[in-house]
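Have a look at the structure below before the remarks.
All residue numbers in this chain count up from 1 along the given sequence. Worth saying up front: this structure is predicted, and the values here are computed from it rather than measured.
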Amino acid sequence: EVKNGPPPTLLPIELPTLNVTTCMDRISSPVSGRTSFAKLFGFSLVFCLSSIVTTSTSKMALVSINCPLVLVGLGQLVATLFVLLVMKQAPVTTFPALTLAELKRTFPLSAAYVLSLFLALEGIRSADFSVYVLLQWLTLLFVAAGQALVFSHYESLHVNVALVMTQLGTFITAIHYYSAGQYAGAVVVVLSNTVYAGYLLSASKTLWGDQMEPAKLLYCNTVVGICIVVLVAAAKGDLRAVFDYPHWANSNFVLVFSLSCACGAIAPLAALVLLRDTSPLTFAVVDGMKNLAVTYVGIFLASEFRFEMPLWRLYGTHVTVAGCLFYIYYRMYYSECTPNLDIVKVSGRQIINV
């Protein structure tokens, strides 16, 4: 016997929504949504150009004009803070005022940012420009190792092959530099790359997991960084060297220092935007492409790149180029969709996806 009555009510089943990062031409993130390839290419170009100018002018200021290290670093931090405040008033970007809780939470990340900045400046000053550019490729290795150790995320076979090719090219070139005696300041540069790789991984987690805007994160880093630099410089007596610097009226110093500060303010913001919309490893590859541009220009123009046997450098550079192109080709056309580093609650559990 069939009884008439209302049909049974079906309870809706809610499936967890994962933020999916697709290949470079169609990238999404928890913060920005879908990002076009043209936008990513534009930010990559801005980052590469500003980084090249920052590195070159910092080298000139620290070596040629004998500018104090604290002056260059503090100038870039103050310029970054000024640019962020102008962008907020424009308004090009908006972010709420900082709270004491946010400053405490992001303090380790801000300290790592400042440490990586001053280690990079010390590496630029103490190492040959060509050696500094070469050792930047180690950041790829450190980022990949950090993803595996910290996030338990292991790259695919194709990505690992590309990484091996880039490191093999770096090793081939490094042998030639070592035989030529061009290894001064290499330890500082390697230490700088290690700290910078840790900063990229931590910043990615903050941008994706905490969904913090890049401008706000950079604002936190800059405010904390200025406080740390001023306190440390005052304790060591380095602020007196800044005020007593004799070349404040030198037009060459003013031009070089202004370019270093201006581009040093643009590069970290573009870097965080790229880091939010891609991944730490992909950003490291973009940073490496910038180093390739510097390398090719230096091979033909800069005297620091010329040795008795330049073919070794060309061989290593071309192997590294092949690895980068293979990585980009794989990410653009053959990479499967993989989730971002985002904390997703599934059945009461927290699952961290990279």
Co-membership, hydrophobic cluster, residues Leu62 and Leu119, 4.5 Å side-chain: no
Least distance between heavy atoms, Val195 atom then Ala112 atom: CG1-O, 3.7 Å
Residue pairs passing the salt bridge (charged side-chain N to carboxylate O under 4.0 Å, His left out) test where at least one lies in residues 278-287, sequence neighbours excluded: Asp287-Lys290
Cluster overlap Leu141 with Met165, hydrophobic side-chain contacts below 4.5 Å: no
For Val224, all residues meeting side-chain contact (heavy atoms from CB on, under 4.5 Å), sequence neighbours excluded: Leu103, Phe107, Ser110, Ile228
ring-ring contact (aromatic ring centres under 6.0 Å, His included) partners of residues 269-292, not counting sequence neighbours, each pair once: Phe47-Phe283
Polar side-chain atom of Thr139 near backbone of Gln136 as donor-acceptor pair, under 3.5 Å: yes
Pairs satisfying salt bridge (charged side-chain N to carboxylate O under 4.0 Å, His left out), at least one member in residues 245-263, at least two apart: none
Salt bridge (charged side-chain N to carboxylate O under 4.0 Å, His left out) contacts in which one or both residues fall within residues 243-256, not counting sequence neighbours: Arg240-Asp244
Hydrophobic cluster membership, Leu115 vs Leu121, 4.5 Å side-chain cutoff: no
For Leu49, the rest of its hydrophobic cluster, which grows through side-chain links under 4.5 angstrom: Leu45
ring-ring contact (aromatic ring centres under 6.0 Å, His included): pairs with one or both residues in residues 211-241, sequence neighbours excluded: Phe95-Tyr219
Donor-acceptor contact present, side-chain Ser258 to main-chain Val254, <3.5 Å: yes
Over all atoms of both residues, closest heavy-atom pair of Thr106 and Cys220: OG1-CB, 3.7 Å
Any residue meeting side-chain contact (heavy atoms from CB on, under 4.5 Å) with Val70, in chain and number order, not counting sequence neighbours: Pro68, Val229, Ala233, Asp238, Val242
Distance (rounded to the nearest 0.5 Å) between Leu272 CG and Glu213 CD: 11.0 Å
Shortest non-hydrogen separation from Leu274 to Ser44 and the atoms involved: CD2-OG, 3.5 Å
Results of side-chain hydrogen bond (donor to acceptor under 3.5 Å, both in side chains) for Gln76 - residues two or more places apart only: Ser58, Ser260
Connected via hydrophobic side-chain network under 4.5 Å: Leu74 and Met60: yes
Smallest separation among heavy atoms of Leu109 and Asn221, with atom names: C-OD1, 4.1 Å
Joint cluster assignment, Leu77 & Val232, ILVMFWY side-chain distance < 4.5 Å: yes
Partner set under side-chain contact (heavy atoms from CB on, under 4.5 Å) for Ile65, not counting sequence neighbours: Tyr245, His247, Phe253, Val256
Residue pair Ile266, Val83: steps toward the side chain to side chain contact (heavy atoms under 4.5 Å, CB included) verdict: CA-CA 8 Å; Ile266 297 173; Val83 169; 5.6 Å; no
With Glu122 via side-chain hydrogen bond (donor to acceptor under 3.5 Å, both in side chains) - residues at least two apart: Arg125
Check against side chain to side chain contact (heavy atoms under 4.5 Å, CB included), Lys88 and Leu84: CA-CA 6 Å; Lys88 186 177 180 180; Leu84 289 173; over 6 Å; no
Heavy atoms of other groups near Phe142 CZ, more than 12 under 6.0 Å: yes
Intermediate values then yes/no, side chain to side chain contact (heavy atoms under 4.5 Å, CB included), Gln167 and Leu138: CA-CA 7 Å; Gln167 300 307 309; Leu138 293 177; 3.5 Å; yes
Short side-chain to backbone donor-acceptor contact, Ser51 and Cys48, under 3.5 Å: no
Distance (rounded to the nearest 0.5 Å) between Asn250 CG and Cys67 SG: 11.0 Å
Main-chain N/O of Cys263 paired with Thr54 side-chain donor or acceptor, under 3.5 Å: yes
Student check: side-chain heavy atoms of Tyr113 and Pro268 closer than 4.5 Å: yes
Pairwise ring-ring contact (aromatic ring centres under 6.0 Å, His included) hits with a residue in residues 220-240, at least two apart: none
pair Arg105-Met212: side-chain heavy atoms closer than 4.5 Å: yes
Heavy-atom closest contact (Gly73 atom, Leu117 atom, distance): O-CD2, 4.1 Å
Pair Leu163-Asn160, side chain to side chain contact (heavy atoms under 4.5 Å, CB included): steps then yes or no: CA-CA 5 Å; Leu163 290 177; Asn160 288 327; 4.2 Å; yes
Heavy-atom closest pair, residues Ala265 and Thr80: CA-OG1, 3.3 Å
Flag, side chain of Ser204 to backbone of Leu200, donor-acceptor distance under 3.5 Å: yes
